[in-house]
**Q** 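First the structure, then my questions, so here it is.
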Amino acid sequence: LKDLPYLRDLNLYGTLVDSTAFQVLAELKGLKKVYLWKTPLANSGLEKWRASYPQLEVIGGVDFTQFGNPQLVPPLIIAEQDLFTDSLLVELSTKASKATIKYTTDGSIPNEDSPLYTESFHVFVTTEVKAILSMSGWTDSEPASSTFIKSRFTIDRLRASVEPHGSYTAEGVATLKDLKKGGSSFGDGRWLGYLGDDLNLTADLGQVEEISVVTVGTLTDQNAYIHLPQSIKISVSEDGRRYVPFQDKKIPMADGPTAAMVHNHLIRSEPTLARYIRIKIKSQGVNPTWHPAPGEPCWLFVDEVLVE
């Protein structure tokens with residue numbers, strides 16, 4: 001240690017140092033802090049050593065209170081897939097054996113009154129599962145969230161108002177009804193990309209059905225100029241001529257960069273008879289002001305339209 005004149009912090013954790021160590025440490029003029037956690041000195045009166053060597057900050061252990069209550073990591077929500085046609089088994093998991101998982105299946109954030117997870121469960125309708133991890137002395141985790149989407153009705157025909165950009169055509173408009181979800185990579189061949197264009201879709205179920213949920217999948221990847229749409233407006237018709245409003249959804253623009261992510265927009269309404277579904281997806285058009293290239297044309301990426 002005498003060969004380290006610029007040493008400022010010394011960690012003696014777990015060693016067998018005794019009181020003679022301070023005779024050496026006092027000669028190290030640059031030394032400011034000594035950590036003595038789990039040493040014989042830590043058990044023999046730290047205040048004595050602090051009083052005898054006031055030039056040193058003698059630390060006997062970790063003061064966890066300075067960090068507040070540490071926060072737990074969210075639990076995992078596990079299922080074989082996020083699209084299904086009949087039912088789907090969902091499992092919640094954590095490696096924290098002493099922690100408990102609270103969850104909801106209505107999209108609300110779990111709290112102390114929410115069900116306690118004890119075993120895997122099935123979902124039979126489009127369901128947004130949220131779960132938190134709780135343990136005494138720790139801050140609850142942020143909620144984990146997954147949406148599992150049921151495709152109850154098969155779309156017979158689907159028409160689009162504009163063609164996708166030539167670089168991102170996948171298998172054409174049929175890509176939107178093939179039950180194969182695009183991932184978080186815009187180049188995986190399952191997304192339709194539209195540069196600066198709004199998109200209007202008309203789905204034909206083949207016959208009149210009672211519907212209550214329409215789901216539209218979109219992608220965000222700000223590094224690739226891909227943003228959420230501004231809004232999604234849905235109207236429905238029994239005969240293809242007279243359309244009535246079903247439901248609208250306004251989607252706020254992110255206020256800063258986020259990771260690439262798939263978004264499933266669930267648009268619910270009261271059960272409504274419909275054969276034809278008209279979906280108007282309004283693009284952001286251009287990059288927002290916070291983007292590195294503000295005002296440049298941006299992309300709308302769409303995949304999978306599902307009806308329940």
**Q** Does a sphere of radius 6.0 Å around CD in E270 hold more than 12 heavy atoms from other residues, nucleotides or ligands, not counting ones at 6.0 Å or beyond?
**A** no

**Q** Between N11 and K33, does any side-chain donor sit less than 3.5 Å from a side-chain acceptor?
**A** no

**Q** Is R152 atom CZ crowded by more than 12 heavy atoms from other residues, nucleotides or ligands, each under 6.0 Å away?
**A** no

**Q** I need the minimum non-hydrogen distance between Q284 and I251, along with the two atoms involved.
**A** NE2-O, 4.3 Å

**Q** Which atom pairs, donor and acceptor, lie under 3.5 Å between side-chain atoms of residues 116-134 and protein residues at least two apart or in another chain?
**A**
| unit_1 | atom_1 | unit_2 | atom_2 | d |
| --- | --- | --- | --- | --- |
| Y117 | OH | L92 | N | 3.2 |
| Y117 | OH | S120 | N | 3.2 |
| T126 | OG1 | K150 | N | 3.0 |
| T126 | OG1 | E308 | OE1 | 2.3 |
| T127 | OG1 | V125 | O | 2.6 |
| E128 | OE2 | S145 | OG | 3.4 |
| K130 | NZ | G107 | O | 3.2 |
| S134 | OG | D140 | OD1 | 3.0 |

**Q** If you measure from the Lys or Arg side-chain nitrogens to the Asp or Glu carboxylate oxygens, is any gap between K32 and D9 under 4.0 Å?
**A** no

**Q** Which atoms form the tightest heavy-atom contact between R275 and R157, and what is the distance?
**A** NH2-NH2, 4.4 Å

**Q** In terms of side-chain heavy atoms, does Q71 have a donor or acceptor partner in S141 at a distance below 3.5 Å?
**A** no

**Q** Could you tell me whether the side chain of P40 reaches within less than 4.5 Å of the side chain of D18, counting heavy atoms only?
**A** no

**Q** Are more than 12 heavy atoms, taken from residues, nucleotides or ligands other than I109, located less than 6.0 Å from that residue's CD1 atom?
**A** no

**Q** Counting distance only, does the side-chain N/O of S161 pair as donor-acceptor with the main-chain N or O of N200 below 3.5 Å?
**A** yes

**Q** With side-chain contact (heavy atoms from CB on, under 4.5 Å) as the test, would you mind laying out the steps for L10 and L25 before giving the verdict?
**A** CA-CA 9 Å; L10 179 62; L25 299 181; 3.5 Å; yes

**Q** Which heavy atom of D303 sits nearest a heavy atom of G182, and at what distance?
**A** OD2-N, 2.6 Å

**Q** Is the distance from the ring center of W37 to that of Y35 below 6.0 Å?
**A** no

**Q** Assigning hydrophobic clusters by single linkage (Ile, Leu, Val, Met, Phe, Trp, Tyr; side-chain heavy-atom cutoff under 4.5 Å), is I155 placed with V213?
**A** no

**Q** Please test Q222 against T258 for side chain to side chain donor-acceptor pair (under 3.5 Å), starting from the C-alpha separation and ending with a verdict.
**A** CA-CA 7 Å; Q222 282 99 7; T258 60; 3.1 Å; yes

**Q** Measuring from S231:OG to K249:NZ, what's the distance to the nearest 0.5 Å?
**A** 11.5 Å

**Q** Test your reading of the model: is there a side-chain donor-acceptor pair from E210 to the backbone of L273, 3.5 Å cut-off?
**A** no

**Q** Between CD1 of I149 and NE2 of H265, what distance do you get to the nearest 0.5 Å?
**A** 10.0 Å

**Q** Does K282 pair with D198 as a salt bridge, N-O distance under 4.0 Å?
**A** yes

**Q** I'd like to know if the side chain of E304 and the backbone of D178 have a donor-acceptor N/O pair within less than 3.5 Å.
**A** yes

**Q** Taking atom types as modelled, is there a side-chain donor on T220 or H263 under 3.5 Å from an acceptor on the other?
**A** yes

**Q** Suppose we call two aromatic rings close when their centres sit under 6.0 Å apart. Are W191 and Y168 close by that rule?
**A** no

**Q** What's the spacing between L306 CG and K181 NZ if we round to 0.5 Å?
**A** 7.0 Å

**Q** Is it possible for you to say whether L158 and V216 belong to one hydrophobic cluster, with membership spreading through side-chain heavy-atom contacts below 4.5 Å?
**A** yes

**Q** Can L199 and V302 be said to form a side-chain contact (heavy atoms from CB on, under 4.5 Å), step by step?
**A** CA-CA 9 Å; L199 176 63; V302 182; 4.1 Å; yes

**Q** Going by an N to O cut-off under 4.0 Å, is there a salt bridge joining D188 and R190?
**A** no

**Q** Can you check whether A96's main-chain N or O pairs, donor with acceptor, with T94's side chain at less than 3.5 Å?
**A** yes

**Q** May I ask whether W299 and L176 are part of the same hydrophobic cluster, defined by side-chain heavy atoms of I, L, V, M, F, W, Y residues being less than 4.5 angstrom apart, directly or through others?
**A** no

**Q** Would you say the side-chain atoms of R50 pair up with the backbone N or O of V58, donor to acceptor, closer than 3.5 Å?
**A** yes

**Q** Under 4.5 Å between side-chain heavy atoms, counting indirect links through other Ile/Leu/Val/Met/Phe/Trp/Tyr residues: same cluster for I267 and V236 or not?
**A** yes

**Q** Do you know the tightest heavy-atom contact between L56 and L31?
**A** CD2-O, 3.4 Å

**Q** Only pairs at least two apart or in different chains count here, so list each side-chain hydrogen bond (donor to acceptor under 3.5 Å, both in side chains) that has a residue in residues 77-92.
**A** none

**Q** Measure across Y243 and S235 and return the closest heavy-atom pair with its distance rounded to 0.1 Å.
**A** CD2-OG, 3.7 Å

**Q** Which atom names give the shortest non-hydrogen contact between P110 and S114, and what distance separates them?
**A** CA-OG, 3.3 Å

**Q** Closer than 3.5 angstrom, by distance alone: can the side chain of N287 be matched with the main-chain N or O of A293 as a donor-acceptor pair?
**A** yes

**Q** Determine whether I211 and I277 satisfy the following criterion, side-chain contact (heavy atoms from CB on, under 4.5 Å), listing intermediate values before the conclusion.
**A** CA-CA 10 Å; I211 70 170; I277 304 168; 3.9 Å; yes

**Q** Would L192 and F301 count as a side-chain contact (heavy atoms from CB on, under 4.5 Å) if you check the C-alpha gap in whole Å, the side-chain angles of each, and the deciding distance to 0.1 Å?
**A** CA-CA 6 Å; L192 299 186; F301 269 58; over 6 Å; no

**Q** Should the ring pair F22 and Y53 be called parallel, tilted or perpendicular, given that the plane angle runs from 0 to 90° and is split at 30 and 60?
**A** parallel

**Q** If hydrophobic clusters are built from ILVMFWY residues whose side chains come within less than 4.5 Å, do V307 and I281 share one?
**A** yes

